[in-house]
Number of protein chains: 2
Amino acid sequence: MSNNELRQLQTRVDDVNLKILKLINERGKLIQDIEQAKGTQEIHQYDPISDRKMLDNIHDYNNGPFKKSTIEHIFKEIFKAGLELNKNDHRKALLV
Amino acid sequence: MSNNELRQLQTRVDDVNLKILKLINERGKLIQDIEQAKGTQEIHQYDPISDRKMLDNIHDYNNGPFKKSTIEHIFKEIFKAGLELNKNDHRKALLV
């Protein structure tokens, strides 16, 4: 493989990075909307069962190359970041 | 906000989760391709300067709601996962 092809691959990684960034922030905004909606209702703020269901759904669609434990680790960090956005809930620990 | 609207938001989060999953795995495949390409050349296997540049580029495009430190933390976990895919390089620690 030439250096040019290598650069092209690296450019594609940069592109994927920015797409992931955009989706992580989009997810953050949705979490804020959900927490705001829950705030106006009598709904328990943090729902670990929902997080577990989300992780199970993610695993169902995982075709690799990353293994289940790696994907779960990354998504737990994304979920934790979502919890930190929620100023109404002082519990920041993930329960899944 | 009605329970129906809340469910719609949660469905959108599920959808975003799967898009993130797809991109993380797409990134993993690109990292494998890059490492394979580097393997055939006399190029140093792991390049922390490249990782730092990627993080700086990501920060330039970050419009929130997540702050820089949170985005950096999540991406470092994604980068680490990429290192773990590389069977030719025994160094698994991230240097950024």
Side-chain angles (χ1 to χ4, degrees), chain A residues 1-3 5-6 9-41 43 47 50 53-55 57-67 69-71 73-82 84-85, chain B residues 1-3 5-6 9-41 43 47 50 53-55 57-67 69-71 73-82 84-85:
Chain A
M1 186 176 285
S2 69
N3 281 338
E5 284 170 303
L6 200 55
L9 283 171
Q10 282 162 340
T11 302
R12 284 176 63 193
V13 173
D14 282 333
D15 185 49
V16 170
N17 286 342
L18 296 185
K19 285 181 183 166
I20 294 172
L21 170 70
K22 197 177 163 191
L23 286 167
I24 287 173
N25 277 324
E26 188 179 326
R27 192 183 188 284
K29 283 176 202 141
L30 288 168
I31 296 298
Q32 286 177 320
D33 290 346
I34 287 172
E35 293 307 318
Q36 201 176 6
K38 282 183 178 176
T40 63
Q41 297 183 18
I43 300 175
D47 179 6
S50 164
K53 278 185 190 164
M54 279 195 289
L55 285 171
N57 192 41
I58 288 161
H59 292 316
D60 286 345
Y61 285 88
N62 182 27
N63 294 319
F66 291 117
K67 56 188 180 182
S69 58
T70 305
I71 291 295
H73 175 71
I74 293 171
F75 270 93
K76 280 185 178 176
E77 295 305 315
I78 294 171
F79 290 4
K80 265 192 253 175
E84 283 164 15
L85 282 180
Chain B
M1 189 176 281
S2 69
N3 281 337
E5 283 170 304
L6 200 56
L9 283 171
Q10 282 161 340
T11 302
R12 284 177 62 195
V13 173
D14 282 332
D15 185 47
V16 170
N17 286 342
L18 296 186
K19 285 181 183 166
I20 294 171
L21 170 70
K22 198 178 163 190
L23 285 167
I24 288 172
N25 278 324
E26 189 179 325
R27 193 184 187 285
K29 284 177 201 141
L30 287 168
I31 296 298
Q32 286 178 321
D33 290 346
I34 287 171
E35 292 308 317
Q36 201 176 4
K38 283 183 178 176
T40 63
Q41 297 183 17
I43 302 175
D47 179 8
S50 164
K53 278 185 190 164
M54 279 196 289
L55 284 172
N57 192 41
I58 288 161
H59 292 317
D60 286 345
Y61 285 88
N62 182 28
N63 294 319
F66 290 116
K67 57 188 181 183
S69 58
T70 305
I71 291 295
H73 175 71
I74 294 170
F75 270 93
K76 281 185 178 177
E77 295 305 314
I78 295 171
F79 290 3
K80 267 192 252 176
E84 283 164 14
L85 281 180

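Sequence lines set the chain letters: A, B, ... in the order given, protein chains first and strands last, and positions in each chain run from 1.
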| request: Pick whichever of A:I31, A:V13, A:N17, A:T70 has the most heavy-atom pairs under 4.5 Å with chain B. | output: A:N17
| field | Side chain / backbone / both / neither for A:L23 at chain B, heavy atoms under 4.5 Å | value | both
| field | Per-residue contact mode, A:Q32 against chain B (heavy atom under 4.5 angstrom) | value | side chain
| request: Would you mind checking if A:D15 and A:K19 are paired as a salt bridge, meaning a charged N to carboxylate O distance below 4.0 Å? | output: yes
| field | Contact winner vs chain B - A:D60, A:N57, A:N63, heavy-atom pairs under 4.5 Å | value | A:N57
| query | Which region of A:L18, side chain (C-beta onward) or backbone (N, CA, C, O), has a non-hydrogen atom less than 4.5 Å from a non-hydrogen atom of chain B, or is it both or neither? | reply | side chain
| note | Ranking A:I20, A:I74, A:D14 by heavy-atom pairs under 4.5 Å to chain B gives rank one to A:I20
| query | Any side-chain heavy-atom pair from B:L55 and B:K76 closer than 4.5 angstrom? | reply | yes
| Considering only heavy atoms from C-beta outward, does the side chain of A:F79 approach that of A:M54 to under 4.5 Å? | yes
| field | For chain B, the option from A:R27, A:Q10, A:K22 that forms the most heavy-atom pairs under 4.5 Å | value | A:R27
| If you measure from NE2 on B:H73 to NZ on A:K80, what distance do you get to the nearest 0.5 Å? | 5.5 Å
| query | Between B:K53, B:K67, B:K29, which shows the greatest number of heavy-atom pairs under 4.5 Å with chain A? | reply | B:K29
| remark: On a heavy-atom basis, the closest approach of A:L30 and B:R12 is CD2-CZ, 3.5 Å
| field | Exercise: identify the closest heavy-atom pair between B:L6 and A:A37 | value | CD1-CB, 3.5 Å
| Partner chain B: residue of A:G82, A:G64, A:G28 with the largest heavy-atom pair count (under 4.5 Å) | A:G64
| message | Is it the case that the side chain of A:N25 and the backbone of B:N62 share a donor-acceptor pair, with hydrogens and angles ignored and the cut-off at 3.5 Å? | response | no
| Between B:I78, B:I71, B:I24, the one whose heavy-atom pairs under 4.5 Å with chain A are most numerous | B:I24
